[in-house]
Structures are given as C-alpha cells and as structure tokens.
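Chain naming here is simple, since letters A, B, ... match the order of the sequence lines and numbering starts at 1 in each.
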Protein chains: 2
Amino acid sequence: MSISGQKQGNSGSDKPVQDRLLDAAEQLFSDHGFEGTSVRDIASAAGCNIAAVNYYFGGKDKLYTEVWRRHLVQMRDARLHAIEQVMSESGGKPALEDLLRSFANAFLGPFRDESRSRRFMNLMAREMIDQRVPVNMFIDEVVKPTMSAVRGALLRACPGLDESKIWLLIVFLAGQLMHVVHVKTMFEQSEIAEIPAFDLNEAVDHIVKFSAAGIRAYANGETK
Amino acid sequence: MSISGQKQGNSGSDKPVQDRLLDAAEQLFSDHGFEGTSVRDIASAAGCNIAAVNYYFGGKDKLYTEVWRRHLVQMRDARLHAIEQVMSESGGKPALEDLLRSFANAFLGPFRDESRSRRFMNLMAREMIDQRVPVNMFIDEVVKPTMSAVRGALLRACPGLDESKIWLLIVFLAGQLMHVVHVKTMFEQSEIAEIPAFDLNEAVDHIVKFSAAGIRAYANGETK
DNA sequence: ATATGTTTTAAACTATCGTATGAAACAACT
DNA sequence: AGTTGTTTCATACGATAGTTTAAAACATAT
C-alpha cells in the first residue's frame with residue numbers, strides 16, 4: 001500500500017478517519033474549547049480509537065492546528081482564485097473597484113454561509129482569546145501568498161502606486177475587512193434579537209468605495 | 001470567634017483569604033479561562049493552601065460564580081445609585097434625558113476604567129462563549145432589581161407610559177447598552193491599531209437621544 | 001490553663017487527562 | 001500461502017485535575 005493511501009472499508013462513515021477526526025474535533029473545539037475537549041471525546045465522536053489522534057496527527061495540539069490549517073488553505077485559495085478571476089476577466093488590467101470588491105467578497109466568504117459560519121465563528125472567537133495556532137502558520141499559509149497576489153494585482157490596476165508603500169495599503173485593507181469580521185462575530189454571539197442581521201454587502205460597498213478613493217489619492221500624491 | 005469573623009495575621013497579604021482567592025481567581029480565569037486554570041494555580045497565586053478553595057467556596061465552580069457575583073452586585077448597586085441620585089436631585093420628577101443618561105453611564109461604568117476593564121472584558125468574552133454563571137443569578141442579582149428601579153423612575157419621568165409595555169422599553173434600552181458593550185469588547189480584543197479608541201460618550205449621547213424620542217413617541221401613542 | 005470553635009496544612013483520594021505500547025486485524029503484493 | 005506495511009484496538013503509563021480528610025495551628029472565652 002502506498003504511503004499516502006486511504007483505507008476503504010472503515011466502520012463509522014464513508015469518509016476517511018483523518019477527515020472524521022478533523023470534523024469531530026472542529027465541532028467539539030468550537031462548542032467546548034480546546035481545554036474543554038478531550039481526545040477521548042473526539043475519538044468517540046469520530047467513531048474511532050483514541051490512539052488514532054496520535055497516530056494520524058501526533059497529538060491533540062497538532063490536531064487543533066490541522067483543523068485550522070484546513071480553514072486557512074481554504075481562505076487562501078478562495079482569495080487567490082478571486083484575484084486570478086478578476087485578472088483574467090479584465091485581460092490583466094482590472095478596474096480598481098472590481099479588484100477590491102472581488103477580494104473583499106472572498107475574504108468574507110466564510111461568514112456568508114449562515115449554517116457553517118457559527119461553528120467557525122466560535123472557533124475564531126476562542127482563538128482570538130487564546131492563541132494556539134502558531135503565528136508562522138498563519139503568516140505562511142495565508143498572509144504571505146495573499147499579500148503578494150494582491151500586491152501584483154494592485155500594481156496592474158494602479159500602475160502609479162509606490163511599491164514601497166503598497167504593503168501598508170494592503171494591511172489597511174485587510175484591517176478593514178477583519179474589522180467587519182469582528183463586528184459580525186459580535187453580532188452572532190449577541191442573543192439580543194433587536195439588532196437586525198449585519199449586512200455584509202453594505203460593509204463591502206463601503207470598503208470598496210472608501211479604499212478605492214484612498215488608494216487613488218495615495219497614487220496621485222506619489223506620482224505628481 | 002464569631003461565625004463570620006476574619007483572621008488578622010495572615011501570611012500573604014493584608015487582605016482576608018477569601019478576597020485574595022477571588023482576586024487571584026479572577027486574574028487567572030481572565031487570562032487562561034476556566035478549564036485552563038487549576039485550583040492549585042489559584043491557591044498558589046493567592047498564597048494559601050489548596051483546600052482553602054473548597055473550605056471557603058465549596059469548589060472551583062462556586063468560586064467562579066462568586067467572582068462574577070462580586071461584579072454583578074457592583075453593577076446593580078451602581079445602577080440603583082445612579083437612579084436614586086437622579087430621582088433625589090430632581091425632586092422625584094426627573095427629566096427623561098437625565099434619567100436615561102445617568103442609567104447609561106452607570107451601565108457602562110465598568111468599561112470606562114481602562115486599567116481594570118481589560119480583565120473584566122476577557123472574563124466577559126469567555127462567559128459569552130461558555131456560559132457558566134447560572135442565569136438565575138444574573139436575573140436575580142442584576143436584572144430584576146435594576147428593572148423595577150428603572151420602571152419606577154420611568155413612570156415618574158413619563159406618567160403617560162403604558163405600564164404593560166414598559167418592560168419592553170427597558171429591555172430595548174438595555175439591549176442598546178449591551179450592544180455598546182459588545183462593540184467595545186471587540187475593539188479591545190482587536191490588535192489592529194488602525195481603529196481609533198471607541199468613544200463611549202458618543203454612544204451614550206446617541207442612545208439617550210434615540211431612546212428619549214422613542215419612549216416619548218410610545219407614550220403619546222398610548223395616551224392619545 | 002483548659003476548653004471550644006475556626007482556620008490552615010500536608011497528604012491522600014479518585015477521576016480523568018494526553019500519550020505510548022504492543023499485539024491483533026487488515027489489505028496488497030510476491 | 002506467506003510476507004510486508006499500514007491501520008485499529010485494548011490497555012497501561014505517568015501526570016495532573018478537583019476534592020476530601022484528619023491532624024496541627026490558632027484565636028478566643030471561660
């Protein structure tokens with residue numbers, strides 16, 4: 001059998017054991033937190049033996065980071081794909097607003113699906129209080145590749161942009177989007193029904209308009 | 001020695017053991033969460049024996065709820081005192097705006113002190129994810145006494161108000177204030193320095209103006 | 001000083017935690 | 001069949017969790 005093979009006739013479900021463990025762990029970590037979840041609970045929910053956690057992931061901590069890695073690569077791919085699509089649709093010279101809107105929508109994608117977003121929200125709220133994922137992983141898996149892609153696309157959309165200052169603009173853009181995520185997270189946790197559902201589209205419109213104006217002002221100031 | 005007596009020559013500090021335990025527990029629960037804090041850690045930080053937690057509080061859970069009770073009674077007293085003061089200053093017939101402003105400021109008091117607010121914020125963020133304090137306690141210690149006081153004051157400030165609908169107005173008012181707390185909580189957790197400090201005074205101004213208009217419209221609609 | 005009630009202490013208890021182990025079960029190939 | 005490499009399993013390990021216990025230390029009153 002090959003080293004990366006998967007068994008076929010497993011007992012609990014049709015999914016391989018690794019995925020069942022990741023799914024069960026994500027649900028339990030989201031509901032009860034890292035310390036409040038035991039590997040026995042996870043293995044039981046995944047329908048497999050306790051030792052499988054160590055066999056496949058090398059420990060509870062590693063399993064937790066792998067739960068996150070799954071989300072991180074998904075985020076990265078969604079953002080990279082959004083940028084590539086705008087680039088190809090515009091023949092390599094996208095309108096600034098289109099680029100910003102596409103990226104913002106990809107950024108906020110995980111929070112649009114109401115059914116799955118709650119689990120991810122809880123996971124994120126917990127991770128924001130107790131940081132357990134190594135920062136390097138977050139930087140390497142998401143920030144670096146996303147940033148360089150946005151950077152390239154921004155330069156095509158706004159040729160007059162100063163290359164030395166472009167990182168600041170991207171950080172600022174991501175900061176606005178993270179802000180939206182934070183507000184949305186808070187609204188989800190709030191049980192007070194009085195507050196209407198937070199409108200992501202409205203937030204995206206604002207950020208696109210605001211950032212486009214800011215970036216253009218920046219570009220003109222540098223080139224004049 | 002009386003049954004509620006306190007020893008004088010304790011070893012760790014000048015405070016009694018109960019208070020030292022509550023202080024240490026609050027700090028540790030705020031930093032590492034309930035599951036992430038052991039009673040040995042708490043006792044060690046408080047400079048006393050492990051058994052003291054069970055001797056004085058009857059267990060780790062009870063200690064946690066007592067940490068919260070301390071905050072809850074403080075909240076309740078601050079709000080009640082604010083209402084009493086407005087009532088006495090106005091000779092029992094306060095202006096609606098004064099009443100609302102005074103209550104709102106008392107409500108948001110714990111979040112104005114920047115030095116102590118962070119610990120309480122963390123504690124609250126954790127409690128919002130994992131509810132461990134019995135809801136009855138929150139209702140009995142804060143909601144009920146506060147509500148009836150606000151109700152009485154509101155009736156004096158707005159005699160035309162329908163008594164059967166007044167609870168809804170109070171819930172609505174508290175909901176707005178909790179909303180402000182949530183946003184503030186989020187801003188504190190956010191590490192992004194780009195966002196300016198959240199202005200509580202601005203929020204209070206808005207809520208006072210908005211709620212006063214709403215309540216007056218309500219009262220007029222019911223009395224005409 | 002003796003007696004009484006309270007507080008503090010060190011140690012032990014049971015339960016559960018994350019992890020490690022070695023044998024059994026299994027699948028794929030010679 | 002027999003061999004090989006992978007996966008599953010029951011079980012055990014050491015560490016630590018929250019809690020309990022009983023004796024020692026202490027303060028106060030008679």
Side-chain angles (χ1 to χ4, degrees), chain A residues 1-26 28-29 31-68 126 130 132-134, chain B residues 1-26 28-29 31-67 126 130 132-133:
Chain A
M1 190 178 231
S2 72
I3 196 168
S4 61
Q6 295 171 355
K7 82 182 286 246
Q8 286 169 320
N10 47 18
S11 54
S13 161
D14 54 341
K15 280 178 161 182
V17 192
Q18 293 98 317
D19 292 346
R20 301 211 312 271
L21 278 172
L22 287 168
D23 292 340
E26 177 166 331
L28 289 168
F29 285 148
D31 286 343
H32 311 114
F34 183 82
E35 318 262 10
T37 304
S38 71
V39 292
R40 284 169 177 80
D41 293 337
I42 298 170
S44 171
C48 66
N49 195 266
I50 323 162
V53 170
N54 281 278
Y55 180 74
Y56 283 109
F57 296 96
K60 187 187 177 186
D61 306 281
K62 308 274 186 63
L63 173 58
Y64 179 82
T65 67
E66 289 308 311
V67 166
W68 266 98
R126 295 183 187 281
D130 299 316
R132 272 179 244 271
V133 174
Chain B
M1 190 177 231
S2 71
I3 195 169
S4 62
Q6 296 171 355
K7 81 183 286 248
Q8 287 171 317
N10 46 19
S11 54
S13 162
D14 52 341
K15 280 178 160 184
V17 193
Q18 292 98 316
D19 292 347
R20 300 210 313 271
L21 278 172
L22 286 168
D23 292 340
E26 175 166 332
L28 290 168
F29 286 149
D31 286 344
H32 310 113
F34 182 81
E35 316 263 12
T37 303
S38 71
V39 292
R40 285 170 175 82
D41 292 338
I42 298 170
S44 171
C48 65
N49 195 268
I50 322 163
V53 170
N54 280 277
Y55 180 74
Y56 284 108
F57 296 96
K60 188 186 174 187
D61 306 280
K62 309 274 188 61
L63 173 58
Y64 179 82
T65 68
E66 288 310 312
V67 166
R126 296 184 187 279
D130 299 317
R132 274 179 243 271
V133 175

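One interatomic measurement links the two molecules: CG of B/Leu21 to C1' of C/dT7, which rounds to 13 Å at whole-angstrom precision. Remark: C1' of C/dG18 and CG of A/Leu28 are 16 Å apart, rounded to the nearest angstrom. Rounded to whole Å, atom C1' of C/dT8 lies 11 Å from atom CZ of B/Arg20. Rounding to whole angstrom units, NZ of residue B/Lys15 and P of C/dT7 are separated by 19 Å.
Closest of all the heavy-atom pairs between B/Ala45 and B/Ala24 is CB-CB, 3.8 Å.
A/Tyr56 has a side-chain polar atom (N or O) that falls below the 4.0 Å cut-off from OP1 or OP2 of D/dT8.
Atom OH of B/Tyr56 is separated from atom CG of B/Leu63 by 13.0 Å, given to the nearest 0.5 angstrom. Here the straight-line distance linking atom CG of A/Asp23 with atom CG of A/Leu28 works out to 11.0 Å at 0.5 Å rounding. To the nearest 0.5 Å, atom CZ of residue B/Arg132 and atom OG1 of residue B/Thr65 are 12.0 Å apart. Considering CD1 of A/Ile50 and CZ of A/Arg40, their distance stands at 4.5 Å, rounded to 0.5 Å.
The residue from B/Glu35, B/Lys60, B/Arg126 that alone fulfils the side-chain contact (heavy atoms from CB on, under 4.5 Å) condition with B/Phe29 is B/Lys60.
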Where protein sits on nucleotides 15-21 of chain D, one letter per nucleotide: B base, S sugar-phosphate only, - none, heavy atoms under 4.0 Å | --BBBBB

